[in-house]
Amino acid sequence: MTAATEQTEAQVLDAPMPVQPWWQRLLRDPAALAAALVFLAIVLCALAAPLISPHDPFASSRAVMQPPVWAEAGNWTHPLGTDGQGRDMLSRLFYGTRLTLIIGVVSVAVGGMLGSLLGLLAAFKPGLDPWVMRLVDVMLSFPAILLGLALVAVLGPGAGPVIVALAIATIPDCARIARSIAVSVMKQEYIEAGRALGLSDMALFTRYLLRNCISSIMIFISLRFGQIILIGAALSFLGLGARPPTAELGMMAAQGRDFLLFAPHIAVIPSVLIFVIVLSANILGDALRDVLDPRLRS
Amino acid sequence: MLTQIVNRLLISIPVLFGVLLLGFGLLILVPGDPAIVMAGPTATPDVVDKIRAEMGLDEPVYVQFFSYLGRVLQGDLGRSLISNKTVVSELLAAIGPTAELMVACLIWSVPLGIALGTLAAVFRGGLIDRTIMAISVAGVSLPIFFICLMMIQFVGVKWQLLPFIGRGGPLWTVDGLRHIALPALSLGAIFIGPVARMTRSSVLEVLKLDHVRTARAKGLSETRVILRHGLRNALIPVVTLIGLQAGYLVGGAVVTESIFSYPGIGRLAVGAILSSDFPLAQGAILILALGFILINMIVDILYALLDPRVQT
């Protein structure tokens, strides 16, 4: 080896690694970029629903089952046509997306938070571990849709019971994953160092454990989001979720079911929108995991 | 082996207990008087009083729970408010069709998913791999009701290839097969994606191992290496995945049965809830949860059979 190569090697090793922020690495992947843009657009439309809706989403008109603008009989008054009661599809889609997203976000956030807390506590206090894990096992034996059915049976159909059911269904998976992440963090030396410094349990938990687990847990939650949206939409499709006249995408698809032959757009458009929301969330979740925490890939 | 199976059964006992507790909790949590809920909105006060006495609703909660347990263990789940048949007889009539649907769904989707996943692993990074993975991501993002509606719209109505309402008969009859085809195809469609993904990553993992290199060094053909040495060992995680996906199977069956008016437990549960037939809803949910536990138990036992290293 010559002196020159040795020197360049040393220079390379000494030079600071060009570390890109995670979001730049994320957006370099074209699929992730596209998914991020689509998802952002959908969220913005949902947030701005009252401002951008061309019509009242609940007002019927005489133009019943009017096809969308690209069909022969379509026109620009109702760009995506009207449903079986003559309500403007586009406006209902804006509002429907809003409710669908709210159901997904609230249940994943609440369930994810409670589940992570359980999982972290189980790893932090080994005495609690067997109790938490048995509880998780029992909860896992009730799949989300069954919990939904059970709660709706008790409380009656509505968005509220669906949110509660989906939140409860998110807890056990999240607790398991949080526990496995936290168990490996608890073995790190800095935890021991923190203990040796005489930190209180509370400080150790929030400053050392929680902060080191949170990003992995968030990734897992983002991967769950799509599934939760699908289950929520399925419950609404069955008539167990949001109640008419509110708009919710799954329920809109169900309302279009009777007109499938004459006016397929009433069922197809909301279903495709759910597909796009879940697909972009899934692609984004996968890409986030690859960038932030490839260990979770298995 | 026997001890493993017994161990697995013992582990299920607390879970079963939990499920029964939840089933009982449903009744306690109902807003209002449980006796009125059980008797239905049209019942006379006499009937309500009779049910209250039968269910021991004036006793303390733990006594109620044990009497509920006793009744469930004796197979007494009450009577449907709508049909007035016993809940157990309604459930028994619906279990067979649901089991048939699940078998018919898994029998085509799991092998296809495994085949696609293996193909993707063999051609890793290539066009085939990317196409298969794109299809599987799209597949897990599709709402199942949309798949069902499209099946009805095209296969059922437009092309008139297959019936799309109800059940034709047992699985071994031609009519039974024709009727179960569309529900089983729809329900299976959501399964291919996860199975293909899991198979792919698991085969890739196994192909890196020493024994595969040895097999290649022995001069075995690539097909033989992949099928005998790669895929065989890669199937173990796939079996676990099917257990993990059992929830989707149960949930998917609820949606599929409702859309195709297929007379299984899922449709029974949804119908009972929508018509406030509380005893039937409670029974159906209990049976679905038991089915879910059973699937997981079978998967765990299969897992132990396939992989001698697993000691449960």
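Nothing here was measured: the structure is a model prediction, and the numbers come from that model. Proteins come first, then strands; the chains are lettered A, B, ... in the order of their sequence lines, and each starts at number 1.
Atoms CD1 and CG, on B/Ile273 and A/Leu238 in that order, are 9.0 Å from each other to the nearest 0.5 Å. For the atom pair A/Ile229 CD1 and B/Ser141 OG, the distance stands at 11.5 Å (nearest 0.5 Å). We find the CZ-CD1 distance between A/Phe237 and B/Ile259 to be 4.0 Å, quoted to the nearest 0.5 Å.
Contact between A/Leu146 and B/Ile285 at its shortest, heavy atoms only, is CD1-O, 4.3 Å. Contact record, B/Phe145 with A/Ala253: CE1-CB, 3.6 Å, taken as the closest heavy-atom pair. Closest non-hydrogen pair, B/Leu274 versus A/Gly239, comes out as CD2-O, 3.6 Å. Between B/Ala138 and A/Leu279, the shortest heavy-atom distance links the atoms CA-CD1, 3.9 Å.
Only the side chain of B/Val157 comes within contact range of chain A, with at least one heavy atom under 4.5 Å from a heavy atom of that chain. Both the backbone and the side chain of B/Ala289 come within contact range of chain A, judged by heavy atoms closer than 4.5 Å. With a threshold of 4.5 angstrom between heavy atoms, B/Leu21 does not approach chain A through any atom at all.
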For this session: Step by step, work out the side-chain contact (heavy atoms from CB on, under 4.5 Å) result for B/Val255 and A/Ile145.
Result: CA-CA 10 Å; B/Val255 177; A/Ile145 202 147; 4.3 Å; yes
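Each of A/Ile231, A/Leu249, A/Leu230, A/Val278 was evaluated against B/Pro143; a single residue qualifies, A/Leu230, per the side chain to side chain contact (heavy atoms under 4.5 Å, CB included) test.
Per-residue heavy-atom pair counts under 4.5 Å with chain A were compared for B/Ile293, B/Leu149, B/Ile152, and the maximum is reached by B/Leu149. Most heavy-atom pairs under 4.5 Å with chain A: of the set B/Gln282, B/Arg197, B/Glu205, this distinction falls to B/Arg197.
Applying the salt bridge (Lys or Arg N to Asp or Glu O under 4.0 Å) test to every pair with at least one member in residues 235-252 of chain A, sequence neighbours left out, gives no pairs at all.
Using a 4.5 Å heavy-atom cutoff, the side chains of A/Gln227 and B/Tyr248 are in contact.
Residues from residues 259-274 of chain A that place a non-hydrogen atom less than 4.5 Å from a non-hydrogen atom of chain B comprise A/Leu260, A/Leu261, A/Pro264, A/Ala267, A/Val268, A/Ser271, A/Val272, A/Ile274, given in numerical order.
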